[in-house]
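Since this is a predicted model, take the numbers as computed values, not measurements.
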Amino acid sequence: MSTAPPRTPGDLTFRDARPDDVPELAALIQAAYRGGDGVERGWTTEADILGGQRIDADGIRDVMARDDSRLVTVTGAADDGIVSCFQLERRGDTAYFGLFAVRPGLQGGGVGRVVIAEAERLAHREWGVVAMEMTVISLRNDLISWYERRGYRRTGELSPFPYGNERFGLPRRPDLVFERLVKPLG
């Protein structure tokens, strides 16, 4: 593994995910969102509020197969595999940003800033969208603050967490809801 995290777009390579990436993507996303046995936890972990899986291989394949959706992998300059990923989904004149994961050992070093900026650039350039939106569990104040520093704004629009559907995790609290965040592009 490389010792210094990539900090510029030139240090990273972005490409659409391929079917053979699915196992590595599932492991990356699980590590970033839930941590786990023997897995380093990054600052973005949800392990304190959710257990179980974040997404499974079938869920990743579903994202890859959707019309108007891209799952993008990010690799570093060294041969250290996939270091980040994200989903873009076109929704009219807006792009949805999801499944954003950065390898826990690289979190806090600037990779996320570079990746989200590239995601915004791709969505605006390739689809001509005027805004990027996402949903974040409303209790994730540190994460929401990080997005706000990147220009995203809380909308106050809430949607329910899918309680009872273990495919999205095992809630450790009864008060989970998603909040929509939006950023104008271009």
Side-chain angles (χ1 to χ4, degrees), residues 1-33 42-46 54-55 59-136 140 142-155 180-186:
M1 286 210 210
S2 62
T3 55
R7 292 181 181 268
T8 68
D11 293 341
L12 300 171
T13 302
F14 296 78
R15 66 167 171 78
D16 288 331
R18 301 182 300 243
D20 62 324
D21 293 325
V22 170
E24 189 174 359
L25 286 167
L28 169 68
I29 294 165
Q30 185 70 17
Y33 283 84
W43 73 270
T44 63
T45 184
E46 298 172 337
R54 169 58 177 86
I55 193 167
I60 292 170
R61 284 189 279 274
D62 289 347
V63 168
M64 292 170 62
R66 287 185 204 151
D67 290 337
D68 289 329
S69 180
R70 294 179 67 182
L71 183 57
V72 177
T73 64
V74 183
T75 55
D79 185 22
D80 53 2
I82 299 171
V83 299
S84 183
C85 68
F86 60 88
Q87 172 197 12
L88 291 175
E89 183 177 308
R90 186 171 26 193
R91 296 179 176 178
D93 64 354
T94 300
Y96 177 80
F97 179 72
L99 282 182
F100 181 33
V102 174
R103 184 179 294 161
L106 296 177
Q107 291 179 13
V111 173
R113 282 191 302 272
V114 172
V115 171
I116 196 168
E118 179 65 8
E120 293 163 359
R121 191 189 68 73
L122 283 172
H124 183 66
R125 185 191 76 213
E126 295 185 13
W127 291 338
V129 297
V130 299
M132 184 90 87
E133 68 178 3
M134 66 179 74
T135 55
V136 179
R140 305 283 322 276
D142 289 347
L143 184 59
I144 291 171
S145 293
W146 187 87
Y147 286 122
E148 288 177 323
R149 289 190 300 276
R150 313 264 102 54
Y152 288 82
R153 296 293 167 246
R154 297 178 98 150
T155 65
R180 183 173 172 257
L181 281 66
V182 176
K183 176 181 180 178
L185 298 178

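- Evaluation of the side-chain hydrogen bond (donor to acceptor under 3.5 Å, both in side chains) rule for Asp142 yields no partner, not counting sequence neighbours.
- Between Val182 and Ala131, the shortest heavy-atom distance links the atoms CG1-CB, 4.1 Å.
- Applying the salt bridge (charged side-chain N to carboxylate O under 4.0 Å, His left out) rule to Arg125 yields no partners; only residues at least two apart in sequence or on another chain are considered.
- In this structure a side-chain-to-backbone donor-acceptor pair under 3.5 Å is present from Thr45 to Tyr33.
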**OP:** Tell me, with the steps shown, if Glu118 and Leu122 meet side chain to side chain contact (heavy atoms under 4.5 Å, CB included).
**Re:** CA-CA 6 Å; Glu118 179 65 8; Leu122 283 172; 3.8 Å; yes

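- The closest donor-acceptor contact from the side chain of Gln107 to the backbone of Val102 lies under 3.5 Å.
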Subject >> Working for salt bridge (charged side-chain N to carboxylate O under 4.0 Å, His left out), residues Glu126 and Arg70 >> reply: CA-CA 11 Å; Glu126 295 185 13; Arg70 294 179 67 182; 2.5 Å; yes

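- To the nearest 0.5 Å, atoms CG (Asp16) and CE (Met64) are separated by 8.5 Å.
- Checking side-chain atoms of Arg103 against main-chain N and O of Ile82 turns up a donor-acceptor pair under 3.5 Å.
- Here Glu89 pairs with Arg66, Arg91 under the salt bridge (charged side-chain N to carboxylate O under 4.0 Å, His left out) rule; sequence neighbours left out.
- Arg180 meets the side-chain hydrogen bond (donor to acceptor under 3.5 Å, both in side chains) test with Glu133, Glu157; sequence neighbours excluded.
- Considering every non-hydrogen atom in both Pro104 and Ala31, the closest pair reads CG-O, 3.6 Å.
- Checked against side-chain hydrogen bond (donor to acceptor under 3.5 Å, both in side chains), Asp20 has the following partners two or more places apart in sequence or in another chain: Arg18.
- Taken to the nearest 0.5 Å, the CG atom of Asp11 stands 11.0 Å off from the OG1 atom of Thr75.
- Judged as a ring pair (Phe, Tyr, Trp, His ring centres under 6.0 Å), and not counting sequence neighbours, Tyr96 has no contacts.
- In terms of modelled atom types and a separation under 3.5 Å, the side chain of Glu24 and the main chain of Gly81 share no donor-acceptor contact.
- Thr73 places no side-chain N or O within 3.5 Å of a backbone atom of Cys85 that could act as its donor or acceptor partner.
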Original post:
Please walk me through it: do Ile116 and Phe86 pass side chain to side chain contact (heavy atoms under 4.5 Å, CB included)?
Top reply: CA-CA 8 Å; Ile116 196 168; Phe86 60 88; over 6 Å; no

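- A distance of 4.5 Å separates CG in Leu99 from CD1 in Ile29, rounded to the nearest 0.5 Å.
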